[in-house]
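Indexing begins at 1, ligand by ligand and atom by atom, following the structure's order. Counting begins at 1 with the first residue of the sequence.
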Amino acid sequence: MAPKQLILGVAAGVLLLIAFIFYVVAQADESYGVLRGFEGAGLWSGTLPGNCQGDDVCHKIKAARAFFIMATIAAFIGALLLLYIVFRPHPKVMYYAAIAMGTRPIYVVSDVEFLHEVFVKQFACFHSRHLPFTARLKSRNLINLFGANGDHWRRQRHVINPTFSTTKLKLTSPIVNECIDALMNKIQEKENQEFDIYTLYKRLTMDVICHSAFGIDTDMQNDIDNPFIVKTAYFFAVHPERIFLVKLSYLMPWLTPILTLFVHSIIALFNGLRYLAPSFMNQFEEIPGMWIINQVKQVIEARVIRIKSEANNKQRRIDLLQLMLDAVTSNEIKDKNDENLMSKRFHQDEVASNVFFFMIAGFETTSTTLASCSYILATRFDIQTKLQTEIDELYAEHNGELDYDRINNMTYMDLFIREVLRMFPIALQAVSRECNTETIVCNYKIEKGDVIQPDILTLHYDPQLWGPDDPYLFVPERHLTRRHPMAFMAFGQGPRNCVGIRFALMELKLCLARLLHQYSILPGKQIEQGFIRREILVIQPDAVYIKLEKRC
Ligand code: HEM
């Protein structure tokens, strides 16, 4: 064989070996989720096992760093496969191996002081979130708040924050109430039957997002095949870190620019073909993300035309879309150079991208929280009675009129929702930080590119942080005691926490108050079978089977 062919053959063999190692290791879904009562969290999900507290974190970081170096070398010589096979039965070793996966260390931390440094005190060094390269593919103006970094993120957050202020939310609460009307109508049809209420909650939260962020009046409760709900569901069915190209980019980060170019080319090819040969391309379903973005753009164009034609109309629709459009410019924005624009403005494409993200962020998270609330209420009648007492008092006080301020004053409701999210946090993987500048945290050197992944379930079930009541028991009153700020991370923490918290809480409280005022929730026969939780992008149950009984 000629030397050239030999080299090519060996290179191909090595590549195949790497791909094989990668494939085998990537299949190793770990036992973390199983230990914690749900299925699916694995090596690539970022939610890894860990039970370290206090000084243990030091040991963990040292071990992670050492293992990272070893594993990187090992991966390239094929020894990782051996390591994997030999140590697989030993969860602790797999845990460190998992941290070292890819070629960057991921520190899974449950030490509150360490997390406080990363999320709050040293935020300037940790302003990025750890995301796969596919999430940062789009052109600059199409990157949304969730994916943006540095000054780009700061400006977007600055513009979006007021959109979720109390004053603005008061204006959007009637829209949420209208969507709950549709839910209540649907529920009437289900009285005294066993049914899955989670499905109805998903339709509610999609209606709320479409009405308030898109500005379009949908009726998901009756239009069950609506493409918005169908396309959005795709995002929660596939974990981006399970995509082969993403795995490859973790194993070989130097390949990322080539992979980015490759994906861009595929998208361009599809878009070109769609334009040149529409009849042929109609046979293929449009990529869900592209479909939604295109819909959003059309809605925005229509809204902009309407605003212009109704320039003097003071009865403008007030929704999240309008509030963002108020800050829009069609000029290119330079984040560093133009202080003036930077502090106030949004590019019009950024509006589309953020509306798109609100849809993803507000749909599954809020409906899943409602699902978990219903599970607890159905199985804990004592808690349900307390909540109903508070709701009835509120109704009596205000002659049945609930608005933003009134529901915000419900103390027990607040404690109840917090406790649900402590025991069943949903979006664990969204809470990560990537180091942007080398720094020292709690005496440990963290390098640029290193990832900090809070071990939220360990934090949320830590008896030292949540005692004296057993953290495995549902006790809403435990939130009356002041806890460490990092003990509760269901909405993340620090300047980059969830921007939609108040919006989500308004929706949750309005919905639960109206539902529990009219009905009592009883467990369906299949409630436990349905409440099997799995993690893909978020941790969610399959279903919540209940019965609703009309209250006298
Ligand atoms: C119960 C419902 C919700 C939960 C549990 C939840 C949870 C989270 C979490 C854990 C994060 C990551 C925070 C961090 O990294 O520190 C996040 C970020 C975010 N959420 Fe939510 N979320 C909910 C509802 C919403 C809603 C309704 C919206 C908007 C309509 C929204 C918009 C966002 C955005 C834009 C970010 C990115 C913030 C940034 O990077 O600056 N979320 N959410």
Peer 1: Do Arg514 and Tyr519 meet the cation-pi criteria used here (NZ or CZ under 6.0 Å from the six-membered ring centre, within 45° of the axis)?
Peer 2: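 Ring-cation test returns no.
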
Peer 1: How long is the straight-line distance from CZ of Phe126 back to CD1 of Ile452, given to the nearest 0.5 Å?
Peer 2: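 Separation between the atoms: 5.0 Å.
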
Peer 1: I'd like the name of whichever of Ala148, Ser432, Ala490, Ser128 reaches closest to atom 7 (C) of ligand 1 through any heavy atom.
Peer 2: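 The nearest heavy atom belongs to Ala490.
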
Peer 1: Hey, which atoms in ligand 1 end up nearer than 4.0 Å to a heavy atom of Thr369?
Peer 2: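 Heavy-atom distances to Thr369 below 4.0 Å select 1 (C).
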
Peer 1: Pick, from Gln493, His127, Met506, Arg157, the option with the minimum heavy-atom distance to atom 38 (C) of ligand 1.
Peer 2: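 Looking at heavy atoms only, Arg157 sits closest to atom 38 (C) of ligand 1.
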
Peer 1: Starting from atom 4 (C) of ligand 1, find the nearest protein heavy-atom neighbour and note its residue, name and distance.
Peer 2: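 It is Phe491 CE2, 3.5 Å.
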
Peer 1: Please list the nearest protein heavy atom to atom 31 (C) of ligand 1 with its residue and the distance rounded to 0.1 Å.
Peer 2: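 Looking only at protein heavy atoms, the one closest to atom 31 (C) of ligand 1 is Ala361 CB, 3.6 Å.
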
Peer 1: Suppose we measure from atom 34 (C) of ligand 1 to each protein heavy atom; which comes out shortest, and what is that distance?
Peer 2: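 It is Phe357 CE2, 3.5 Å.
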
Peer 1: Both conditions, 6.0 Å and 45 degrees, for the charged tip of Lys202 above the ring of Tyr198: are they met here?
Peer 2: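 Yes, Lys202 sits over the ring of Tyr198.
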
Peer 1: Quick one: do Glu477 and Lys386 make a salt bridge, cutoff under 4.0 Å?
Peer 2: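 Looking at Glu477 and Lys386, the cut-off is met.
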
Peer 1: Which residue and non-hydrogen atom of the protein lie closest to atom 35 (C) of ligand 1, and at what distance in Å?
Peer 2: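 Of every protein heavy atom, Val499 CG1, 3.4 Å lies nearest to atom 35 (C) of ligand 1.
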
Peer 1: Of the side chain and backbone of Leu145, name the one, both, or neither that has a heavy atom under 4.0 Å from an atom of ligand 1.
Peer 2: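 Answer for Leu145: both.
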
Peer 1: Find all atoms of ligand 1 within a distance of less than 4.0 Å from any non-hydrogen atom belonging to Ala430, and give their numbers and elements.
Peer 2: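 The list of qualifying atoms is 12 (C), 15 (O).
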
Peer 1: Which atoms of ligand 1 sit under 4.0 Å from any heavy atom of Gly492?
Peer 2: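 This gives 10 (C), 13 (C), 14 (C), 16 (O) as the contact atoms.
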
Peer 1: Is the Phe424 to Phe474 ring centre distance short of 6.0 Å?
Peer 2: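 Centroid separation for Phe424 and Phe474: 6.0 Å or greater.
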
Peer 1: Just checking Phe119 against Phe114, ring centres under 6.0 Å apart?
Peer 2: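 Phe119 vs Phe114: aromatic centres not under 6.0 Å.
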
Peer 1: Provide, to 0.1 Å, the distance between atom 24 (C) of ligand 1 and the closest protein heavy atom, together with that atom's residue and name.
Peer 2: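 Closest protein heavy atom to atom 24 (C) of ligand 1: Thr365 OG1, 3.5 Å.
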
Peer 1: For Thr366, counting its heavy atoms only, list the atoms of ligand 1 lying under 4.0 Å from any of them.
Peer 2: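 Atoms satisfying the 4.0 Å criterion: 2 (C).
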
Peer 1: Starting from atom 19 (C) of ligand 1, what is the nearest protein heavy atom, named by residue and atom, and what distance separates them?
Peer 2: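 Protein heavy atom at minimum distance: Cys498 CA, 3.7 Å.
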
Peer 1: Nearest 0.5 Å please: distance from the CG atom of Leu510 over to the CG atom of Leu183.
Peer 2: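 Answer for the CG-CG pair, Leu510 versus Leu183, is 12.0 Å.
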
Peer 1: Is the Lys NZ or Arg CZ of Arg129 less than 6.0 Å from the centre of Phe146's six-membered ring, within 45° of the axis?
Peer 2: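 Positive - Arg129 is close enough to the ring of Phe146 and near enough to its axis.
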
